[in-house]
Enquirer: 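Right, I'll just put the structure down here and ask away after.
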Number of protein chains: 2
Amino acid sequence: MAHLDDDDPDTFDLRSFLPFLLNQAAEESSLEFQRVYKNRYGMLRTEWRVLFHLGNYGEMTARDIVLRAKIHKTKVSRAVRGLQQRRYLHRLRDENDRRVEQLSLTASGQAVYRELRDIARDYDAKLAARFTTGEAALLRMMLRRLAGMD
Amino acid sequence: MAHLDDDDPDTFDLRSFLPFLLNQAAEESSLEFQRVYKNRYGMLRTEWRVLFHLGNYGEMTARDIVLRAKIHKTKVSRAVRGLQQRRYLHRLRDENDRRVEQLSLTASGQAVYRELRDIARDYDAKLAARFTTGEAALLRMMLRRLAGMD
DNA sequence: GATTATTGGTTGGTTTTGTAACTATCAAGC
DNA sequence: GCTTGATAGTTACAAAACCAACCAATAATC
């Protein structure tokens, strides 16, 4: 295995390449939280995200979630069905525009949301504790900018 | 859709939650580069990553790549086969340990590597230009720590 | 007010990924 | 040197993601 020379103009460190680095950090830092919603609650990634949106914002349509979380509509559609089958949410046809369904959490959906939200909050604090308060704030700002969320 | 109150102890903004934020930033910031290796070169994500390692470090085994890039061995195995079918790399059985194969790029593999590497370098610079030099360095440091790469 | 375009949402088929189990080779202990 | 246990890499099957086409309802155009 050849020696890595940082000054070599032909050298390029994949491990400093932002898209790669972001992806590795995202994967690694979601592992522990994933174990909770997946193994303990039997939920998928998109399901948890949709659950959160409804838990946090109350009533939304699938379209609202697509726009706000930038999740593809087929994924949202399937997550909604999954959550409905678990009786975590119910759909209400909008009588003004009958294409649309208003989604909201059931009582048990809200209960699960609150549990997971608290776990997420603790977990986030744990991750952020690896940096100073200022660094963590800067990190979130930079990530939001990279994600096109500002 | 309810109003978001940051001071409400029951409120939790998914869009500030690091695992979510990291994921969104990773997806968004790899889109443009993905179009290049995917549409222009017909490569998959893991294939590009493996190609890079061989282009950058010369000769490696699949195991070296697994350890260095933290990519699962089945993904590496499939990417190696894909690259081999495109004649971008060839395998050489290690006679000292016949379980191992030394992997290295062919001439055309090296040519593609150099093209993609230059594109990646430009693209990374473009992403980093949204921050000051110090901020970008800090960002990479923090991501490396979150990814367990330090 | 019939026709066309757009929008919200779902479905079907193909790729990719994830997970386990598997083969082959080597290493260690006895 | 034979058994047991690791290690490098592959394969098979299930779970998930991706993409395109689709339906139904509404909006826009003439």
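Because the structure is a prediction, the values reported are computed rather than measured. Lettering follows sequence order; numbering is per chain, from 1.
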Enquirer: Find the distance B:Leu83:CG to D:dG9:P and express it as a whole number of Å.
Expert: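 One finds 15 Å between P of D:dG9 and CG of B:Leu83, rounded.
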Enquirer: Hey, are A:Lys126 and A:Glu32 close enough for a salt bridge, meaning a charged N less than 4.0 Å from a carboxylate O?
Expert: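 Here A:Lys126 pairs with A:Glu32 in a salt bridge, since their nearest N and O are under 4.0 Å apart.
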Enquirer: Quickly work out the A:Arg93 CZ to C:dG9 P distance and round it to whole Å.
Expert: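 About 8 Å, once rounded to whole Å.
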Enquirer: So, B:Ser30 and B:Arg45: side-chain donor and acceptor under 3.5 Å apart, yes or no?
Expert: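 Their side chains do not contain a donor-acceptor pair, so the 3.5 Å distance test is not met.
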Enquirer: Centre of A:Phe52's six-membered ring, under 6.0 Å away, within 45 degrees of the axis: is that where NZ or CZ of A:Arg49 sits?
Expert: no
Enquirer: Assess whether side-chain contact (heavy atoms from CB on, under 4.5 Å) is satisfied between A:Thr46 and A:Arg78, documenting all intermediate values.
Expert: CA-CA 9 Å; A:Thr46 311; A:Arg78 286 172 169 129; over 6 Å; no
Enquirer: Provide, to the nearest angstrom, the distance between the CG atom belonging to A:Leu89 and the P atom belonging to C:dG9.
Expert: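 Rounding to the nearest Å, CG of A:Leu89 and P of C:dG9 are 13 Å apart.
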Enquirer: Rounded to whole angstrom units, what separation is found between the CD1 atom of B:Ile65 and the P atom of D:dT10?
Expert: 11 Å
Enquirer: Salt bridge or not between B:Lys70 and A:Glu27? Use side-chain N to carboxylate O under 4.0 Å.
Expert: no
Enquirer: Check the distance between C:dG18's P and A:Asn39's CG and give it to me in whole angstrom.
Expert: 15 Å
Enquirer: Using a cutoff of under 3.5 Å, can you pull out all pairs of nitrogen or oxygen atoms linking the protein to nucleotides 1-4 of chain D, with atom names and distances?
Expert:
none

Enquirer: Can you measure A:Glu47 atom CD to D:dA15 atom P for me and round it to whole angstrom units?
Expert: 14 Å
Enquirer: Without decimals, in angstroms, what is the distance between A:Gln85 CD and C:dT10 P?
Expert: 12 Å
Enquirer: Is B:Arg114 positioned over the aromatic face of A:Phe12, cation under 6.0 angstrom from the ring centre and no more than 45 degrees off axis?
Expert: no
Enquirer: Does the protein touch nucleotides 22-28 of chain D at the base, only the backbone, or not at all? Give it as B, S and - per nucleotide, heavy atoms under 4.0 Å.
Expert: ---BS--
Enquirer: Linking I/L/V/M/F/W/Y whenever their side-chain heavy atoms sit closer than 4.5 Å, directly or via other members, would A:Leu44 and B:Leu14 fall into one cluster?
Expert: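 Different hydrophobic clusters.
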Enquirer: Any protein N or O atoms within reach of nucleotides 16-19 of chain D? Criterion: under 3.5 Å, listing atom names and distances.
Expert:
residue, atom, partner, partner atom, Å
D:dC18, OP2, A:Lys75, NZ, 3.4
D:dC18, N4, A:Arg78, NH1, 3.1

Enquirer: Measure from the side-chain N and O atoms of B:Arg40 to the backbone N and O of B:Arg35, and report whether any donor-acceptor pair falls under 3.5 Å.
Expert: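 Flag not set: sc B:Arg40 to bb B:Arg35 has no pair under 3.5 Å.
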Enquirer: Quick one: do the A:Glu115 and A:Tyr41 side chains pair a donor with an acceptor below 3.5 Å?
Expert: yes
Enquirer: Do you see a donor-acceptor pair shorter than 3.5 Å between the side chains of A:Gln84 and A:Arg91?
Expert: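 Result is yes, a qualifying pair exists.
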Enquirer: Any salt bridge linking A:Arg140 with A:Asp124? Criterion: basic side-chain nitrogen under 4.0 Å from a carboxylate oxygen.
Expert: yes
Enquirer: Does a side-chain N or O of A:Ser77 approach OP1 or OP2 of C:dG9 to a distance below 4.0 Å, or not?
Expert: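 No.
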